[in-house]
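Let me begin by presenting the structure, written as structure tokens, before commenting on it.
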Amino acid sequence: DAMVIQNPRYQVTQFGKPVTLSCSQTLNHNVMYWYQQKSSQAPKLLFHYYDKDFNNEADTPDNFQSRRPNTSFCFLDIRSPGLGDAAMYLCATSTGGRPNEQFFGPGTRLTVL
Amino acid sequence: AQSVTQLDSQVPVFEEAPVELRCNYSSSVSVYLFWYVQYPNQGLQLLLKYLSGSTLVKGINGFEAEFNKSQTSFHLRKPSVHISDTAEYFCAVGRNSGNTPLVFGKGTRLSVIA
């Protein structure tokens with residue numbers, strides 16, 4: 001089945017220790033998104049790639065970066081995680097055409113100790 | 001710019017009772033509308049979508065929603081809920097021109113009580 005895969009599902013890191021979350025897709029979609037979701041809140045868009053074009057949301061902290069080495073993979077790097085960065089991180093994809101329905105992965109739950 | 005308002009943050013309902021989760025949107029352009037469901041510790045799953053045509057849209061798990069352009073609403077309904085419907089529900093709007101990310105509402109927590 002075509003899908004969006006996120007690894008790992010659960011990640012524990014230490015305060016200030018860099019961490020990378022990964023997302024891959026078999027849908028061959030042009031657009032990939034990263035969202036941060038804190039408890040009982042809506043997903044908050046951090047950034048998205050349209051092909052190789054990177055789009056950063058204005059309020060995304062500099063501590064968060066992303067890489068998309070090819071169509072299938074996208075990475076979220078948190079350079080120096082703080083306690084406030086503990087959250088669920090969701091990856092999503094869309095075709096880039098209309099409608100812009102988004103397909104989500106299962107998420108990675110990040111814990112910062 | 002578009003925006004989405006989900007009027008209820010929490011909705012408790014007894015099992016087998018009907019439920020309506022409300023969603024209103026604002027946009028200066030024509031839109032697509034979506035409802036997603038999120039179970040604990042999982043990603044978002046598409047329940048249904050309105051693209052064009054019939055204003056009554058049927059989705060998975062017995063849910064349906066009605067697009068009302070004059071009231072700028074897209075309320076989600078189910079005639080009889082099950083315990084397994086307990087989850088967070090998100091309404092989202094997308095422009096039908098250009099390519100911009102969906103705008104999500106803040107979510108409604110549906111709790112089904114046995």
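Since this is a predicted model, take the numbers as computed values, not measurements.
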- Engaged part of B:Gln45 at the chain A interface, taking heavy atoms whose separation is under 4.5 Å: neither
- Okay, B:Leu46 and chain A: the region with an atom under 4.5 Å from a heavy atom over there is side chain
- Message: I want to check something: taking the side chain as every heavy atom from C-beta on, are B:Arg77 and B:Val19 in contact at a cut-off of under 4.5 Å?
- Response: no
- Assert yes or no for the condition that the ring centre distance of B:Tyr36 to B:Phe104 is strictly below 6.0 Å. yes
- Name the option with the most non-hydrogen atom pairs under 4.5 Å to chain B; the candidates are A:Lys44, A:Met88, A:Glu101, A:Gln37. A:Glu101
- Message: Could you tell me if the side chain of A:Gln25 sits less than 4.5 Å from the side chain of A:Met32, heavy atoms only?
- Response: yes
- Can you tell if the side chain of B:His75 reaches within under 4.5 Å of the side chain of B:Asn24, non-hydrogen atoms only? yes
- Item | chain B contact via A:Gln41 - which portion, at a heavy-atom distance below 4.5 Å | backbone
